[in-house]
S.K.: 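Could you have a look at this structure, given as C-alpha cells, before my questions?
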Amino acid sequence: AQRVDTSDFEGTIVDRWADYPAPTSVSEPRFRLLVELPDGKQMTLKVDPPMYESAKVGMRIKRTSGQVVLVDTKLEQTRAR
C-alpha cells in the first residue's frame, strides 16, 4: 500500500501523463503530475481532468490545507509591477 501524502508543498511540474489502470476500454484514465520540490525530491501527484488540462510542465504548483492550486507565474509577475 502506498502512503498518501497530504502535507502542504510547493514545487514545479516537471512531467505530466495519463495512464489506464486496467486493460479495459471502460476504465477512466488516471492523470498524474510529476512535481519537483525545492529540496530536489520529486513526487507524483494524482489530479483530476480539469487540473491536468490546466497544468503545464514548468508551472508552479502548491497544496495548502488539502487544496491543490496551480500558480500562474505570469499573473504573479504582472501583479508585482
Side-chain angles (χ1 to χ4, degrees):
Q2 275 188 314
R3 186 175 67 88
V4 176
D5 187 358
T6 56
S7 58
D8 293 355
F9 71 85
E10 187 163 346
T12 304
I13 299 168
V14 292
D15 197 9
R16 61 198 283 274
W17 71 94
D19 62 13
Y20 290 85
T24 64
S25 57
V26 181
S27 64
E28 290 288 310
R30 296 180 300 191
F31 297 100
R32 303 281 189 261
L33 300 176
L34 184 64
V35 178
E36 187 167 294
L37 305 175
D39 64 4
K41 289 191 179 133
Q42 293 185 340
M43 62 180 275
T44 302
L45 191 64
K46 190 164 39 171
V47 294
D48 60 14
M51 173 74 71
Y52 181 80
E53 288 303 316
S54 302
K56 304 286 181 258
V57 170
M59 283 179 95
R60 307 277 303 154
I61 188 168
K62 65 182 175 179
R63 177 167 50 209
T64 312
S65 308
Q67 285 290 106
V68 175
V69 291
L70 295 167
V71 181
D72 190 338
T73 48
K74 290 185 197 77
L75 275 178
E76 281 190 345
Q77 288 164 357
T78 310
R79 261 187 254 138
R81 279 191 223 132

S.K.: State which residues pass side chain to side chain contact (heavy atoms under 4.5 Å, CB included) with Ser65; sequence neighbours excluded, sorted by chain then number.
M.R.: none

S.K.: Could you pull out all donor-acceptor pairs under 3.5 Å where a side-chain atom in residues 29-46 meets a protein atom, sequence neighbours excluded?
M.R.:
from, atom 1, to, atom 2, distance (Å)
Arg30, NE, Asp19, OD1, 3.1
Glu36, OE1, Gln42, NE2, 3.2
Asp39, OD1, Lys41, N, 2.9

S.K.: Could you give the side-chain donor-acceptor pairs of residues 9-17 under 3.5 Å, partners two or more places apart or in another chain?
M.R.:
from, atom 1, to, atom 2, distance (Å)
Glu10, OE2, Arg60, NH2, 3.4
Thr12, OG1, Arg60, NH1, 2.8
Arg16, NE, Ala55, O, 2.9
Arg16, NH2, Tyr52, O, 2.7

S.K.: Is there a side-chain contact between Lys62 and Asp8, using heavy atoms and a 4.5 Å cut-off?
M.R.: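 Not touching, per the 4.5 Å side-chain cut-off.
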
